[in-house]
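Everything on this sheet refers to the single structure shown next.
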Number of protein chains: 4
Amino acid sequence: MTQTEHPAPCPPRNSKAASRKCEQILQSAGQLFLQQGYERTSMSQIAHLAGVSKGSLYNHFENKADLFTAFFEERSRTRLNTLKSVSRAPQPDLRTALRQAAATIITLMIDPEAIGLYRIVVAEANEFPNLADTLWHYGVSRTLTGLADWFAEKHAGGQLVISDIDLAAEQFLTMCQTRIIHRCRLSLPVDTSQNSIDGVATMVAESFLRMYAP
Amino acid sequence: MTQTEHPAPCPPRNSKAASRKCEQILQSAGQLFLQQGYERTSMSQIAHLAGVSKGSLYNHFENKADLFTAFFEERSRTRLNTLKSVSRAPQPDLRTALRQAAATIITLMIDPEAIGLYRIVVAEANEFPNLADTLWHYGVSRTLTGLADWFAEKHAGGQLVISDIDLAAEQFLTMCQTRIIHRCRLSLPVDTSQNSIDGVATMVAESFLRMYAP
Amino acid sequence: MTQTEHPAPCPPRNSKAASRKCEQILQSAGQLFLQQGYERTSMSQIAHLAGVSKGSLYNHFENKADLFTAFFEERSRTRLNTLKSVSRAPQPDLRTALRQAAATIITLMIDPEAIGLYRIVVAEANEFPNLADTLWHYGVSRTLTGLADWFAEKHAGGQLVISDIDLAAEQFLTMCQTRIIHRCRLSLPVDTSQNSIDGVATMVAESFLRMYAP
Amino acid sequence: MTQTEHPAPCPPRNSKAASRKCEQILQSAGQLFLQQGYERTSMSQIAHLAGVSKGSLYNHFENKADLFTAFFEERSRTRLNTLKSVSRAPQPDLRTALRQAAATIITLMIDPEAIGLYRIVVAEANEFPNLADTLWHYGVSRTLTGLADWFAEKHAGGQLVISDIDLAAEQFLTMCQTRIIHRCRLSLPVDTSQNSIDGVATMVAESFLRMYAP
DNA sequence: AATGAATGAGTCTTCATTCAT
DNA sequence: CATGAATGAAGACTCATTCAT
């Protein structure tokens with residue numbers, strides 16, 4: 001019987017120790033993958049950083065690609081869900097609310113980890129097409145839905161006049177990427193101070209209002 | 001410490017044959033780098049595809065990184081300079097001109113080669129920080145300047161009212177990336193038909209006018 | 001920057017098999033290094049002769065230089081410590097004792113392995129300066145100390161009159177290298193028969209006595 | 001006709017330019033071979049240092065081994081012939097003359113170039129056995145003959161009593177290698193001041209006189 | 001004669017993966 | 001389950017030598 005069992009993607013472990021070790025591996029792998037990318041990160045490095053043996057890696061994950069995918073999903077889920085709750089800040093003033101939403105989005109998306117996840121998806125788009133789905137699912141999609149719901153509400157309330165609400169949400173999100181996020185992704189020198197972020201956020205809010213205010 | 005001669009970056013060759021072979025190498029390297037990225041592309045593959053011996057590569061380029069950089073600069077220069085001449089299409093109608101400019105930008109930027117170059121910059125931002133400069137210099141910077149000049153002209157002519165012209169150009173370019181370009185970069189399924197492009201382009205032009213028309 | 005684990009210099013292995021393989025590698029490496037020198041010996045050759053895979057070499061030694069150093073130290077320690085016990089042969093006659101000591105030294109130093117170690121030190125003196133220290137520590141230093149102690153005793157006993165005992169020991173050792181050892185090191189044709197050795201040994205003893213007898 | 005002519009070892013050139021270039025190559029090759037040894041020196045390096053093309057090397061020398069041999073013979077001839085004229089300094093006092101001869105020998109033999117040539121012979125004794133002959137012929141043999149002639153004269157004059165004159169010459173030369181030369185060859189730290197040299201030289205002269213003075 | 005691009009065998013080293021303990 | 005030694009394919013790069021120009 002040469003067939004090998006496929007170890008589950010880790011989580012559903014019974015023993016607590018096993019689960020700990022699994023998390024430890026994912027944590028270390030993540031650190032390295034985010035810093036160096038997939039190809040430049042070796043299983044030895046991961047094992048070393050995680051403080052486990054190289055063989056142990058293969059007790060928990062089928063192979064390098066599997067570990068990579070597992071890391072990416074776990075990080076996308078735990079990290080990007082902060083984006084979900086953007087918007088909806090109970091601000092009396094729509095202009096202010098929009099500005100705050102934009103600022104929040106910018107701040108979240110220039111976080112080194114978010115930048116790293118984006119980079120990984122782009123870098124490995126050919127080899128690991130599923131990453132984009134994961135990123136979209138946990139990151140973009142939720143944000144867009146959140147924004148769309150919010151805009152729909154304002155539309156219903158007469159504060160905004162929007163024909164294509166989904167497109168508007170996408171526009172809003174895209175405009176947030178002006179200047180700062182875009183350059184961060186390219187590692188170009190850029191002013192990421194709160195002032196700078198507020199500047200872009202204000203511009204986004206103003207432009208959005210001019211586009212969709214009644 | 002071994003002393004190696006530094007072969008010039010290739011171009012200034014006297015013999016015609018040498019120049020041809022150099023281009024051949026760059027061409028093949030480009031194809032592979034764009035498809036697979038830096039790490040996954042081996043010098044052997046490049047030599048094989050270019051039809052030369054592995055050793056020959058090192059007569060023209062110091063090492064893999066050097067060849068990579070040379071490829072990237074050459075492609076950035078020759079490919080992205082098409083972006084330079086965007087805009088300025090002599091259209092009587094500003095709305096139409098903006099729409100066409102947006103459509104042109106979108107079309108150029110979802111070209112597989114442009115997408116590939118972008119991916120490479122993002123993927124190798126840590127290892128090769130200069131790539132971003134090159135991309136910005138040959139690609140983004142020229143486009144922004146072109147747009148800014150154009151907008152300044154229209155501002156002087158009273159057709160637009162813009163306080164920060166550079167920011168406006170950046171906004172225009174950013175908005176063009178809504179939906180299509182963004183998803184292309186992630187290899188997500190996306191409708192890239194002319195219709196779809198025109199849709200986004202129209203949205204960009206309309207929004208821009210609402211933001212900056214007098 | 002790749003992180004590699006530093007495998008211990010081999011010895012402190014727990015498993016018996018690992019230790020065996022390590023010795024096997026050192027043994028094969030030694031054979032080749034002694035025959036061909038450092039540069040001409042390839043890791044492939046070593047792996048082949050040791051009957052292990054090329055990769056295995058790197059589980060036990062960091063790199064070629066490390067393996068080389070390990071080999072040299074091990075051989076110096078195990079081989080050259082025979083020199084330590086030279087002299088002190090309980091001979092009633094000092095002349096005879098000196099002659100025997102000289103003969104022993106000559107015999108030990110024209111052993112192919114001793115010649116090989118000397119050649120390696122000289123050949124790699126620039127690249128591996130530590131080898132000389134190792135050789136001196138395990139080989140020369142002990143012999144000199146042994147001789148000096150012996151001479152000091154004889155000096156105290158009135159059989160020799162020596163002002164600088166350390167220099168005298170060094171002289172004795174140097175004189176032993178007349179003709180035979182010197183030519184062996186250069187691979188020049190030379191008579192290494194017992195007769196020939198005894199001839200030089202006798203000359204050394206006679207000369208030494210004429211220099212230092214009261 | 002695929003047969004290639006064997007270019008003569010260089011010297012007998014008619015054109016002056018050719019001879020110059022040949023010397024230039026030998027000079028550069030020597031510098032590198034002496035510093036790095038045979039294996040570590042590449043034809044590219046030599047060509048680069050000599051300021052000629054790689055191909056030119058093969059117009060003057062059949063291959064690397066040939067160039068190496070040519071270098072070694074030329075250097076041995078031109079450099080080591082200084083040893084020839086040792087001794088015979090017209091000193092009234094034999095003790096002083098011996099001391100001076102010893103000091104001269106030591107000084108000449110710790111010259112970096114002499115050390116380098118010795119190292120090369122020892123390092124390449126297996127691969128290039130002829131080097132030792134060359135070294136012996138141009139270096140050792142002449143010195144020994146010179147010393148032997150001198151000693152024979154003194155023997156005839158009654159100042160020395162020597163049974164085996166050749167052996168005596170060899171002893172003298174060997175004793176000169178005590179301490180300083182020996183350690184220089186191993187790149188061990190050693191005092192090479194004039195004082196230190198004089199000290200060993202004095203010891204050699206004294207010892208020699210005690211051995212052979214009437 | 002001189003050049004320098006071309007070659008391809010060979011170098012050291014890394015890596016993902018397996019398996020006996 | 002955990003370990004870590006073993007593997008062999010593959011990586012980037014070097015080098016002596018040749019040959020068309």
Side-chain angles (χ1 to χ4, degrees), chain A residues 4 7 13 15 17-18 21 39-47 52-65 67, chain B residues 2 4-5 7 13-19 21-22 39-47 51-65 67, chain C residues 2 4-5 7 13-22 39-47 51-65 67, chain D residues 4 7 13 15 17-18 21-22 39-47 52-65 67:
Chain A
T4 33
R13 280 278 178 277
S15 99
K21 179 162 291 191
E39 287 290 344
R40 262 183 269 262
T41 299
S42 75
M43 295 297 265
S44 299
Q45 278 178 65
I46 297 171
V52 302
S53 75
K54 237 183 308 185
S56 271
L57 264 42
Y58 290 86
N59 286 329
H60 294 279
F61 303 93
E62 256 197 279
N63 50 30
K64 189 182 177 185
L67 170 53
Chain B
T2 306
T4 31
E5 313 90 297
R13 278 280 176 277
N14 32 11
S15 101
K16 211 185 296 179
S19 181
K21 182 151 293 189
C22 213
E39 287 290 345
R40 258 183 275 262
T41 298
S42 76
M43 295 298 265
S44 301
Q45 278 179 67
I46 296 171
V52 302
S53 74
K54 229 181 317 182
S56 265
L57 265 41
Y58 291 87
N59 286 330
H60 295 280
F61 303 93
E62 261 198 271
N63 50 34
K64 190 183 177 184
L67 170 54
Chain C
T2 306
T4 29
E5 314 89 296
R13 280 280 176 275
N14 32 11
S15 101
K16 211 185 295 178
S19 181
R20 284 237 8 94
K21 182 153 293 189
C22 213
E39 287 290 343
R40 259 183 274 263
T41 298
S42 77
M43 295 298 266
S44 302
Q45 280 178 65
I46 296 170
V52 303
S53 74
K54 230 183 313 183
S56 266
L57 265 41
Y58 291 87
N59 285 329
H60 296 279
F61 303 93
E62 262 199 89
N63 50 33
K64 190 183 176 184
L67 170 53
Chain D
T4 35
R13 278 280 177 277
S15 99
K21 179 162 292 192
C22 213
E39 287 291 344
R40 259 183 272 263
T41 299
S42 77
M43 296 297 265
S44 300
Q45 278 179 65
I46 296 171
V52 303
S53 75
K54 235 183 311 184
S56 272
L57 264 43
Y58 290 86
N59 287 329
H60 295 279
F61 302 93
E62 256 196 280
N63 51 31
K64 190 181 175 184
L67 170 54

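In this text, all values refer to a predicted model and were calculated from it rather than measured experimentally. In the text below, chain A, chain B and the rest are named by the order of the sequence lines, each starting its count at 1.
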Would you list the protein and nucleotides 7-11 of chain F atom pairs, both N or O, that sit under 3.5 Å from each other?
unit_1	atom_1	unit_2	atom_2	d
F:dT7	OP2	C:Ser53	N	2.9
F:dT7	OP2	C:Ser53	OG	3.3
F:dT7	OP2	C:Ser56	OG	3.0

To the nearest angstrom, how far is [X] atom [atom1] from [N] atom [atom2]?
X       : N      : atom1 : atom2 : result
D:Ile46 : F:dT17 : CD1   : C1'   : 13 Å
B:Phe61 : E:dG4  : CZ    : P     : 18 Å
A:Tyr58 : F:dA2  : OH    : P     : 15 Å
A:Leu67 : E:dA16 : CG    : P     : 10 Å

TODO: For DNA chain E, just give me the dot-bracket, please: Watson-Crick or G-U, both distances below 3.5 Å, ( ) intra-strand, [ ] crossing earlier pairs, | paired with another strand, . unpaired.
DONE: .||||||||||||||||||||

For the atom pair [atom1] ([X]) and [atom2] ([Y]), what is the distance rounded to the nearest 0.5 Å?
X       : Y       : atom1 : atom2 : result
D:Ser56 : D:Lys21 : OG    : NZ    : 4.5 Å
A:Gln45 : A:Arg40 : CD    : CZ    : 11.0 Å
C:Ile46 : C:Leu67 : CD1   : CG    : 5.0 Å
A:Lys64 : A:Leu57 : NZ    : CG    : 11.0 Å

- [ ] Locate the shortest heavy-atom distance separating A:Tyr58 from A:Asn63; write the atom from each residue and the value.
- [x]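 Scanning both residues, the minimum pair turns out to be CE2-CA, 3.9 Å.
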
TODO: Check side-chain contact (heavy atoms from CB on, under 4.5 Å) between B:Ser44 and all other residues, then give those that pass, not counting sequence neighbours.
DONE: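 In terms of side-chain contact (heavy atoms from CB on, under 4.5 Å), with neighbours along the sequence ignored, B:Ser44 is linked to B:Ser42, B:Lys54.
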
TODO: Considering just the side-chain nitrogens and oxygens of B:His60, establish if one lies under 4.0 Å of OP1 or OP2 belonging to E:dG4.
DONE: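 Answer is no, no contact under 4.0 Å.
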
- [ ] May I have the step-by-step check of side-chain contact (heavy atoms from CB on, under 4.5 Å) for D:His60 and D:Val52, ending in yes or no?
- [x] CA-CA 11 Å; D:His60 295 279; D:Val52 303; over 6 Å; no

